[in-house]
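Treat the numbers as computed from the prediction; the structure is a model and nothing was measured. Throughout, numbering of the chain's residues begins at 1 and tracks the sequence. Atoms considered below: every heavy atom in the structure, side chains included; atoms not considered: hydrogens, waters and symmetry mates.
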Amino acid sequence: MKKIIGLILAFQLSVPLIFSCTNFLVGKKASTDGSTMISYSADSYNLYGELYHWPAMKYNAGEILKVYEWDTGKYLGEIPQVLQTYNVLGNMNEHQLAIGETTFTGRRELSDSTGVMDYGSLIYITLQRAKTAREAISIMTELVKDHGYYSTGESFSIADPNEVWVMELIGKGVGNKGAVWVAVRIPDDCVSAHANQARIQQFPLDDDENCIYSPDVISFAREKGYYTGDDADFSFAQAYAPIDFGALRFCEARVWSFFNHVNKDMAKYVTYAKGETTDPMPLYIKPDKKLSPRDVQNYMRDHYEDTELDWRNDYGAGPFSSPYRWSPLTWEVDSVEYCNERPIATQQTGFSFVSQSRSWLPNEIGGVLWFGIDDAAQSVYYPVYVGNTTVPEEMKVGNGDLLNFTWESAFWIHNWVSNMVYDRYSDKIVHVNELQDKIEGNFETKQSEIEEKALALYKESKPEAINFLTDYTNNSVTKGLQEWRKMGEYMMVKYIDGVVKKEENGKFKLNDHGQIASPSRPGYSNDHYRKVVEQTGDKYKVLF
């Protein structure tokens, strides 16, 4: 009898519904150090931020793997297990292979409720089986071909130390097992991005070094009536994910904001980002300067600041210039529909990362998953090395959940601080940014030293080097979260009840008698008071 091996993804309490994510992709000649990079924010109000870990394992012939939907924990079916799997930490494995995603949904009739492979399981199972980006593409497409694709349309970012690819894939509907898909290699000197809208337009049909696609990607679109033109003019995005206002303003706008940061010529596409025009942006562009991991981390924190989509100064921003609005994205007044912006950084993020893959170093040292939990704008990206044997206790699966608060959890510590910041954003975000710069700047400064020491250990004993990097990651998370919690405690004291305690020489100020000095009562800005008067007239006017 076959032994049943279940891949319980350990997300049963998380129940994520990922509808709004963002990915950046950076080729090795577009980065400052020659590394490839991808980023990913896993955004959902139902996602509990954790650092997943699957240790490398060996299995017997004939064993099978149970597959559970990542979004819901629903059992989907089973597939054959492979004889050997690789160590996986989050969305990166021991061979420096990293995979991210964003859901573009596309034509809903192509969803296959009988499929076994959902997009989340597709990522994490492939990370356990593939060494390179090309191998990952092969495995992912074979899995959906053999077992059916359960999810809606998906864009995947796939990077190894040498190549970066974007692959877009959508099912064929119930009764038609498999998927249609296309994968395009991002040129080494370019960057790309996707954010919940299919982005591959026309693609080369005879360049398998840089473009791979399913044999029926065009013929299936013709069969379904999605396309009638010449093969050379076929657009995957237009056929399988027709664009609408939401695809532009909520999705492509995030891609535009990243492009606008790295290439001055992309400013002209602001009308596209606003949903006013529909001529698409390019799939990839050359940045004006090379990007470092810190650059990519900071671009993940973007709220459209200082662009036409910056919303920190309108009435909805409140008295403290907030770049956040609570959901839903659209709302109505007098039967007229309006929308909120959907920036790259959002309060609903469970976790995010920037992967760094470097071909000139041993995999265990060259692969770093810069990993953060909660809103990227108010998180810290910690260095997680892909050979690590354990994950930090504060990020471990099962340490708390969405219904159970614990001070031992990175998710809850960060959310506690973030929810303190949201109510007085312009004042409190300053403290967040200062501590981010301190902690992440320290990681950046120490990276060469840490890796040189790890490399010296690696030459003598690979296990010792791995233990050294594992301890470095785990200790960094523990110390960083201690500082983050102290910042939250500081803000609680400083801003309690809407007054602001005075400080002197880095300490809260005392009066001449050794007691707390009278706090300041700054109230609100003049702009906010004017808005109140405009709305209420003389209602609050002091009459005598």
Using a 4.5 Å cut-off on heavy atoms from C-beta on, say whether the side chain of [Y] contacts that of [X].
X	Y	answer
Val191	Ile285	yes
Lys224	Val180	no
Val354	Arg294	no
Arg134	Glu209	yes
Arg199	Ser192	yes
Glu163	Thr36	no
Leu51	Tyr382	no
Ser157	Met37	no

Test your reading of the model: is there a side-chain donor-acceptor pair from [X] to the backbone of [Y], 3.5 Å cut-off?
X	Y	answer
Glu101	Gly120	no
Ser292	Thr32	no
Asp188	Lys28	no
Arg222	Ile218	no
Asn93	Leu97	yes
Asn196	Cys21	yes
Tyr150	Glu69	no
Gln347	Arg325	yes
Arg185	Asn210	no
Thr126	Leu122	yes

Would you say the side-chain atoms of [X] and [Y] include a donor-acceptor pair closer than 3.5 Å?
X	Y	answer
Tyr119	Asp71	yes
Asn340	Trp331	yes
Gln202	Ser235	no
Ser41	Thr349	no
Asp374	Ser418	yes
Asp33	Ser35	yes
Glu94	Asn363	no

Task: Aromatic ring proximity Tyr124/Tyr68, centre distance under 6.0 Å - done: no
Open item on the list: Aromatic contact between Tyr45 and Trp326, with the criterion being ring centroids under 6.0 Å apart: yes or no?
Closed with: no
Using every non-hydrogen atom in the two residues, find where [X] and [Y] come nearest and quote the distance to one decimal.
X	Y	value
Ala376	Ser352	CB-OG, 3.9 Å
Gly90	Trp54	O-CZ3, 4.2 Å
Ala273	Leu309	CB-CD1, 4.3 Å
Pro323	Trp311	O-NE1, 3.1 Å
Cys190	Pro287	CA-CD, 4.2 Å
Ile139	Ala130	CD1-CB, 3.7 Å

[atom1] of [X]: more than 12 outside heavy atoms within 6.0 angstrom?
X	atom1	answer
Lys58	NZ	no
Lys131	NZ	no
Tyr315	OH	no

If I take atom [atom1] from residue [X] and atom [atom2] from residue [Y], how far apart are they, to the nearest 0.5 angstrom?
X	Y	atom1	atom2	answer
Lys286	Asp288	NZ	CG	11.5 Å
Asp401	Glu50	CG	CD	8.5 Å
Ser357	Met92	OG	CE	3.0 Å
Leu65	Gln81	CG	CD	5.0 Å
Phe156	Leu25	CZ	CG	13.0 Å
Ile79	Ile125	CD1	CD1	4.0 Å

Open item on the list: My understanding is that only one of Phe351, Tyr40, Tyr52 makes a ring-ring contact (aromatic ring centres under 6.0 Å, His included) with Phe371; could you say which?
Closed with: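 Of all the options given, the one that passes is Phe351.
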Task: Qualifying ring pair (Phe, Tyr, Trp, His ring centres under 6.0 Å) pairs with a residue from residues 167-187, counting only residues at least two apart or across chains - done: none
Open item on the list: Give me each pair satisfying ring pair (Phe, Tyr, Trp, His ring centres under 6.0 Å) with a member in residues 254-291, each pair once, sequence neighbours excluded.
Closed with: Phe24-Phe258, Phe258-Tyr299, His261-Tyr299
- [ ] For the pair Asp118 and Lys74, find out whether any cationic side-chain nitrogen is under 4.0 Å from an anionic carboxylate oxygen.
- [x] no
Task: Glu305 and Arg312 ion-paired at < 4.0 Å - done: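 Looking at Glu305 and Arg312, the cut-off is not met.
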Open item on the list: Below 30° counts as parallel, above 60° as perpendicular, anything between as tilted: where do the rings of Phe411 and Tyr48 land?
Closed with: tilted
Open item on the list: Does the plane of the ring in Tyr213 sit parallel, tilted or perpendicular to the ring in Phe203? Use 30° and 60° as the thresholds.
Closed with: tilted
Open item on the list: Please evaluate residues Cys339 and Leu329 with respect to the criterion side-chain contact (heavy atoms from CB on, under 4.5 Å), reporting the C-alpha separation (whole Å), side-chain torsions for both, the decisive distance (0.1 Å), and the verdict.
Closed with: CA-CA 6 Å; Cys339 69; Leu329 271 175; 5.8 Å; no
Open item on the list: Go through it in stages, so that I can follow the logic: the residues are Glu341 and Arg249, the test is salt bridge (charged side-chain N to carboxylate O under 4.0 Å, His left out), and I'd like the CA-CA distance, side-chain angles, deciding distance and then a yes or no.
Closed with: CA-CA 7 Å; Glu341 303 296 357; Arg249 190 64 168 262; 2.9 Å; yes
Task: side-chain contact (heavy atoms from CB on, under 4.5 Å) evaluation trace for Met281 with Gln201 - done: CA-CA 10 Å; Met281 294 181 293; Gln201 301 286 342; over 6 Å; no
TODO: Go through the steps for Asp43 and Thr346 under the test side-chain hydrogen bond (donor to acceptor under 3.5 Å, both in side chains), then give the verdict.
DONE: CA-CA 8 Å; Asp43 301 339; Thr346 174; 5.7 Å; no
Task: Steps toward side-chain contact (heavy atoms from CB on, under 4.5 Å) verdict (His53, Leu89) - done: CA-CA 5 Å; His53 182 210; Leu89 287 150; 3.7 Å; yes
TODO: State which residue, out of Ile123, Val166, Ile137, fulfils the side chain to side chain contact (heavy atoms under 4.5 Å, CB included) condition with Ile158.
DONE: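 With Ile158 as partner, side chain to side chain contact (heavy atoms under 4.5 Å, CB included) holds for just one option, Ile137.
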